[in-house]
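This report refers to the structure that appears directly beneath it.
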Amino acid sequence: MNQFPAIVALSILCMACGKQTEPRNDTEQTDKKWWKEAIIYQIYPRSFSDSNGDGIGDLRGIISKLDYVKSLGATVVWLNPIYSSPNADNGYDVSDYRDIMTDFGSMTDFDLLLSEMHKRGLKLVMDIVVNHSSDEHEWFKQSRSSRDNPYRGYYHWWPAEKGKPNYRYSLFDENGDAWKYDSLTDAYYLHYFAQKQPDLNWENPKVRQEVYDIMKFWAEKGVDGFRLDAFQFAAKDTTFPAFPKGFEQNFIQYYAMQDDLHSYLKEMNEQVFSKYDVMSVAEGAGRTLQEAHDLVDSDRNEINMAYAFEGVDIAKPQGYDLLHFKEVFSKWDSAFAKKGWLSIFLANHDQARLVSRFGNDSPEYRVSSAKMLNTFILSMRGTPYCYYGDELGMTNIGFENVEQYRDIAAINGYKKVVNQGGDVRKYLSNLKFSSRDNGRTPMQWDASENAGFTTGTPWLPVNENHTTINVALEENNPNSVLYHFRKLTYLRHNNPVLVYGQYKLLQKEHPSIYAYTREWEGVKVLVLLNFKAEKASIELADANRIEQTLIDNYEEVDIQGNIFSLKPYQAVIFKIKRE
Ligand code: GLC
Ligand code: CA
């Protein structure tokens with residue numbers, strides 16, 4: 001909070017006058033923008049729908065499902081990378097930024113996808129992966145070929161005659177080392193991720209210009225936004241000073257938001273974002289609230305919305321603390337209460353499944369807890385992101401053996417534990433809960449052998465529970481997670497208070513219920529979410545001011561006097577008469 005003296009001052013003022021803060025309409029939050037009103041649906045192309053039976057999802061598959069996407073009430077699709085790639089990290093290793101991965105189709109398919117989306121009023125956000133490229137990108141092939149090649153400076157090289165460079169931690173390397181020795185030119189190159197993902201040198205203006213030109217190429221085609229992958233790591237101190245021993249335990253402090261990162265974003269904004277009607281979001285939001293705020297302060301002309309990890313990182317195999325969860329989401333909301341804008345999400349392609357991590361995927365509570373979590377995501381301030389399958393309540397597949405994994409992070413992480421003589425069993429048991437592959441199993445369309453995803457052999461196994469959790473069944477069941485999701489998106493589109501309304505946490509110490517109000521332009525709603533598998537009650541003065549129940553994942557709520565009694569994972573939104 002110390003970084004936000006203005007906000008602290010405001011709340012002290014209100015405490016002193018003893019009045020509740022009136023929703024302020026003189027803030028930037030009331031500036032209407034399509035990307036604030038958006039509901040983003042994230043599609044992992046490899047796993048969504050396979051049109052040609054090779055077991056891999058593709059663009060034609062996505063095209064065939066656009067009516068479904070539209071029916072969800074989503075307005076924007078974020079597609080994970082679809083560019084040419086040798087697939088060391090499922091497309092996050094790009095070998096040609098202006099072409100489509102052959103597994104996914106062709107540029108003709110892409111053009112058709114975009115026009116079919118626009119026809120339906122859907123917008124498309126592309127994933128821009130430019131902290132690094134693939135080692136098979138032409139730039140890198142040139143760069144590594146000789147020390148005086150014109151592309152040498154596109155990457156970070158350390159000549160071996162200077163000795164071993166200072167240690168840098170790699171997230172995906174099987175030894176954890178981000179420097180890879182290359183005998184061809186007797187030098188090391190830097191890779192924060194896998195060896196096949198060399199980091200681009202953002203300090204080189206030529207690299208930056210190449211990237212802006214690539215982004216313009218897609219913007220000219222008509223795409224509606226960009227998600228900047230791992231971008232907070234892009235700027236680096238190219239003298240590569242020594243970091244303290246053990247820094248890798250806390251590497252974000254050393255890697256994120258270095259030196260000129262903000263100036264690169266300003267430059268990107270000037271050259272790309274400001275010239276098109278596009279939204280922009282960067283993965284990661286720096287080390288502090290102030291850094292996150294600086295990214296999205298509209299006066300600074302950088303990006304539109306922050307995508308911060310503190311919330312999604314709370315879930316652990318042993319569970320999580322609801323009070324901490326409330327505290328984190330409330331802290332982030334208050335830091336952006338007047339300016340800037342947030343993304344709201346609890347899952348993506350780098351996480352295990354929403355209901356398995358944050359809810360309860362037992363047969364008894366899967367449906368109610370998935371609905372409760374979707375109610376949370378779609379009733380907070382900030383742009384909500386739904387990861388494909390979470391609208392059905394898809395669950396973790398929970399692999400037992402290392403051979404079952406396809407994700408480089410899981411496979412190389414395993415090798416690292418083996419290399420370092422670590423606890424392999426513990427690693428596998430954590431992985432079973434948290435692996436990214438849990439969130440990447442094929443979309444469950446129906447109860448047929450491969451869930452209607454493919455007629456071939458799926459690249460990653462389909463979850464066996466697709467016979468009971470799938471689109472076809474849920475379409476026919478008004479009590480399904482899918483039906484509830486559609487009701488929620490409908491509500492959000494028709495109640496601007498859910499988009500723009502001021503957020504206020506109630507009873508922050510309540511151990512089971514997350515309660516908050518949203519208030520905007522004379523409209524107030526109360527959200528009550530029971531995060532636990534036991535009944536819980538809460539006493540609130542608002543009980544006698546209920547005007548209408550907007551949505552409830554059970555038939556009704558028990559209200560006696562001022563006491564609301566909620567069933568396990570019950571989630572309700574009420575419209576409240578204002579005082
Ligand atoms: C981001 C992506 C992740 C990828 C990594 C390297 O974190 O979300 O999927 O593996 O960057 O590109
Ligand atoms: Ca295919």
Side-chain angles (χ1 to χ4, degrees), residues 42-65 78-83 85-95 97 100-106 109 113 125-135 137 170-173 178 190-200 226-234 251-252 255-256 281-285 307-309 312-313 343 345 347-352 385 387 405-413 434-440 442-443 450 452-460:
Q42 185 189 345
I43 294 181
Y44 198 65
R46 219 174 170 73
S47 304
F48 200 57
S49 178
D50 172 21
S51 70
N52 61 353
D54 65 356
I56 300 172
D58 46 54
L59 301 187
R60 295 228 164 226
I62 298 173
I63 295 171
S64 72
K65 300 296 186 188
W78 154 24
L79 267 191
N80 291 101
I82 53 169
Y83 318 99
S85 164
N87 267 318
D89 184 20
N90 287 0
Y92 281 97
D93 47 324
V94 179
S95 53
Y97 292 95
I100 303 295
M101 190 192 299
T102 39
D103 283 346
F104 292 165
S106 64
D109 298 335
L113 171 67
V125 167
M126 298 287 276
D127 211 319
I128 299 289
V129 191
V130 288
N131 170 70
H132 46 270
S133 73
S134 163
D135 66 342
H137 192 291
S170 160
L171 283 89
F172 293 171
D173 188 72
L190 185 73
H191 61 92
Y192 276 1
F193 294 92
Q195 292 185 0
K196 284 185 70 63
Q197 294 170 294
D199 283 44
L200 283 158
F226 299 103
R227 176 251 185 201
L228 303 174
D229 179 68
F231 198 73
Q232 59 174 352
F233 300 151
F251 69 94
I252 301 276
Y255 281 13
V281 54
E283 186 196 21
Y307 190 93
F309 288 121
V312 79
D313 283 347
S343 309
F345 65 98
N348 61 33
H349 65 291
D350 292 330
Q351 310 291 339
Y385 288 62
Y387 185 56
Y405 290 96
R406 294 288 166 273
D407 175 18
I408 187 167
I411 296 167
N412 283 0
S434 58
S435 163
R436 311 196 292 181
D437 279 342
N438 277 313
R440 297 177 178 183
M443 176 67 171
N450 287 315
F453 164 71
T454 181
T455 53
T457 308
W459 74 277
L460 192 67

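Both counts, for ligands and for their atoms, begin at 1 and track the order of listing.
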Polar protein atoms near the Ca ion (ligand 2) [N, O or S; cut-off under 3.0 Å]: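 You should have found Asp50 OD1, Asn52 OD1, Asp54 OD1, Ile56 O, Asp58 OD2.
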Residues in side-chain hydrogen bond (donor to acceptor under 3.5 Å, both in side chains) contact with Lys65, at least two apart in sequence or another chain: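 For Lys65, no residue satisfies side-chain hydrogen bond (donor to acceptor under 3.5 Å, both in side chains) once neighbours in sequence are set aside.
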Tyr307: partners by side-chain hydrogen bond (donor to acceptor under 3.5 Å, both in side chains), with sequence neighbours left out: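 Partners of Tyr307 under the side-chain hydrogen bond (donor to acceptor under 3.5 Å, both in side chains) test: Asn348.
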Sub-4.5 Å side-chain heavy-atom contact between Phe231 and Ile128: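 The answer is no; the side chains never approach within 4.5 Å.
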Non-hydrogen side-chain atoms of Gln42 and Val125 separated by less than 4.5 Å: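 Gln42 does not reach Val125 side chain to side chain.
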Amino acids contacting ligand 1, non-hydrogen cut-off under 4.0 Å: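 Heavy-atom contacts below 4.0 Å: Asp89, Tyr92, His132, Phe172, Phe193, Gln197, Arg227, Asp229, Glu283, His349, Asp350, Arg436, Arg440.
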Pair Phe193-Phe233, side-chain contact (heavy atoms from CB on, under 4.5 Å): steps then yes or no: CA-CA 11 Å; Phe193 294 92; Phe233 300 151; 4.0 Å; yes
Tyr97 and His137 aromatic centres sub-6.0 Å: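 Aromatic pair counts; centres sit under 6.0 Å.
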Ring-face cation of Arg46 near Trp459 (centre distance under 6.0 Å, axis angle within 45°):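 The answer is yes, since Arg46 meets both limits relative to Trp459.
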Ring geometry between Phe345 and Tyr385 (parallel below 30°, tilted from 30 to 60°, perpendicular above 60°):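 Tyr385 and Phe345: perpendicular rings.
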Salt bridge (Lys or Arg N to Asp or Glu O under 4.0 Å) evaluation trace for Lys196 with Asp173: CA-CA 10 Å; Lys196 284 185 70 63; Asp173 188 72; over 6 Å; no
